Amino acid sequence: MDEKLEEIVARVIAELKRDGIAPPPEAAPVAAPSGNSEVKAPAGTNDLVIDLPDPTRDDERYKLMVENPYDEDGLRNLRATTTARIGIGRAGARPKTSSLLLFQADHAVTQDAIYGVIDDSTKEQQKLFTVHSQAADRAEYLLRPDLGRKLTDEAKALIQERCVKKPDVQICVGDGLSAAAISHNLGDIYPVIEQGLSSAGLTLGTPFLIENCRVGIMNDVNTIVQAKVVLLLIGERPGLGIADAMSVYMGFDPQPGKSDADRDLICMITTHGGTNPLEAGAYVVEVVKRMIQHSASGVKLKSLSSEA
């Protein structure tokens, strides 16, 4: 099979040479210098250079690629205000090669985040034991969000056995849609939350990790631990460019039937263009203290806080 393939390649190259398309045998390959987006072949050769700089570098990711813009300064200022893909130009009806390569690279990062697993070192650092939702694997988790909102019977039994009951605050960690969010941010945010709540005189439950987790699983957890407040630190849905953002969902006495209207949320916790984990941890502590004070969360807490 290899011999046939080599024969076909040789014949194609020979035909290209006859048509004057292929580079002459003596021509040396031309490499793209680092950081140079326009690489030209030496004069007098027919070399076609297709090397491009790494599109994920900041200088390549955020540069303007619109040819002859009407207001270059205005477009540059607009580009600096957002991570959205604007000012990237087109090649006819299609995206430019560098734009397409960047899109594909960012998409690959999101796939790694969604299908990744949380590092064992992260679990060990915070002394987390692991339980599972009713979603049997990642494929089912993505197709059946409802199963990600409920614990398995084995998980319920393990939580019942190992967790402190009726604490002021129960902290749970969930992989959600980005394991990278937990691996990258938990080590920074968790100690801030733990120390802040303890300094406020609040008792803490036994922390644990929930795999294949959705936000609504907070309700199932609290039927067992019966905490005043439940915190769920969970990986957000990754975007094209930022795939390690974490959210913290907070609810006062979450129970079956409660919804997002009964929860508070801090989202986009990441050092890559979002809220710094240390700052977010301090804010979580303040929100929890208000929940305890008013015995409420979500819409009800906002209403009571505005009245006060």
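The figures here come from the full heavy-atom set of this structure, side chains too, leaving out hydrogens, waters and symmetry mates. The structure displayed is predicted, hence computed values, not measured ones.
Using modelled atom types, one side-chain atom of Ser297 and one backbone atom of Asp262 make a donor-acceptor pair closer than 3.5 Å. Between the side chain of Ser178 and the backbone N or O of Ala243, at least one donor-acceptor pair lies under 3.5 Å. Between the Glu60 side chain and the Pro53 main chain, no donor and acceptor come within less than 3.5 Å of each other. Side chain of Glu140 to backbone of Ala136: a donor-acceptor contact under 3.5 angstrom is found. Checked by atom type and distance alone, the side chain of Asp54 pairs as donor or acceptor with a backbone atom of Thr56 at under 3.5 Å. A donor-acceptor pair under 3.5 Å is formed between the side chain of Thr110 and the backbone N or O of His107. The backbone N or O of Ile86 sits less than 3.5 Å from a side-chain atom of Arg79, completing a donor-acceptor pair. With Ser199 contributing its side chain and Gln195 its backbone, the two residues share a donor-acceptor pair below 3.5 Å. Side chain of Tyr141 to backbone of Cys213: a donor-acceptor contact under 3.5 angstrom is found. A donor-acceptor pair under 3.5 Å is formed between the side chain of Asn185 and the backbone N or O of Ala181.
By the 4.0 Å N-to-carboxylate-O rule, Asp146 lies too far from Arg214 to be salt-bridged with it. Under a 4.0 Å N-O distance rule, the pair Glu211/Lys123 qualifies as a salt bridge.
Residues Asn222 and Gln255 share a closest heavy-atom pair of ND2-NE2, 3.6 Å. Nearest heavy atom pair, residue Thr122 against residue Ser183, reads OG1-CA, 3.7 Å. Residues Thr206 and Val164 approach most closely at OG1-N, 3.1 Å, considering heavy atoms. The two residues Gly251 and Pro254 come nearest to each other via the heavy atoms O-CD, 3.4 Å. Here the shortest heavy-atom pairing between Gly298 and Asp264 reads N-OD2, 2.7 Å. Nearest approach of Met250 to Leu265, heavy atoms of both residues: CE-N, 4.1 Å.
A cation-pi arrangement is absent between Arg162 and Phe208, since the terminal nitrogen or guanidinium carbon is not both under 6.0 Å from the aromatic centre and inside a 45° cone about the axis. Figure legend: cation-pi geometry between Arg290 and Phe252 absent, as NZ or CZ is not positioned both under 6.0 Å from the six-membered ring centre and within 45° of its axis.
Taking a 6.0 Å sphere around NZ of Lys96, one finds it holds more than 12 heavy atoms contributed by other residues, nucleotides or ligands. When the shell of 6.0 Å around NZ of Lys300 is examined, it contains 12 or fewer heavy atoms from other residues, nucleotides or ligands. More than 12 non-hydrogen atoms from other residues, nucleotides or ligands lie less than 6.0 angstrom from CZ of Arg90. Applying the 6.0 Å contact sphere to NZ of Lys166 captures no more than 12 heavy atoms from other residues, nucleotides or ligands.
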Worked verdict on Glu124 versus Lys127 for salt bridge (charged side-chain N to carboxylate O under 4.0 Å, His left out): CA-CA 5 Å; Glu124 293 168 1; Lys127 300 178 181 178; over 6 Å; no

Lys150 vs Asp220, salt bridge (charged side-chain N to carboxylate O under 4.0 Å, His left out): CA-CA, chis, key distance, verdict: CA-CA 6 Å; Lys150 295 182 180 180; Asp220 227 11; over 6 Å; no

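Interatomic distance, Cys163 SG to Leu158 CG, rounded to the nearest 0.5 Å: 7.5 Å. A distance of 13.0 Å separates CG in Leu231 from CZ in Arg263, rounded to the nearest 0.5 Å.
The side chain to side chain contact (heavy atoms under 4.5 Å, CB included) test with Asn212 is passed by exactly one of His132, Arg138, Gln134: Arg138.
Hydrophobic clustering, defined by side-chain heavy atoms of Ile, Leu, Val, Met, Phe, Trp and Tyr closer than 4.5 Å, groups Leu64 together with Val66, Leu75.
For the pair Gln293 and Leu304, the minimum side-chain heavy-atom distance is 4.5 Å or more.
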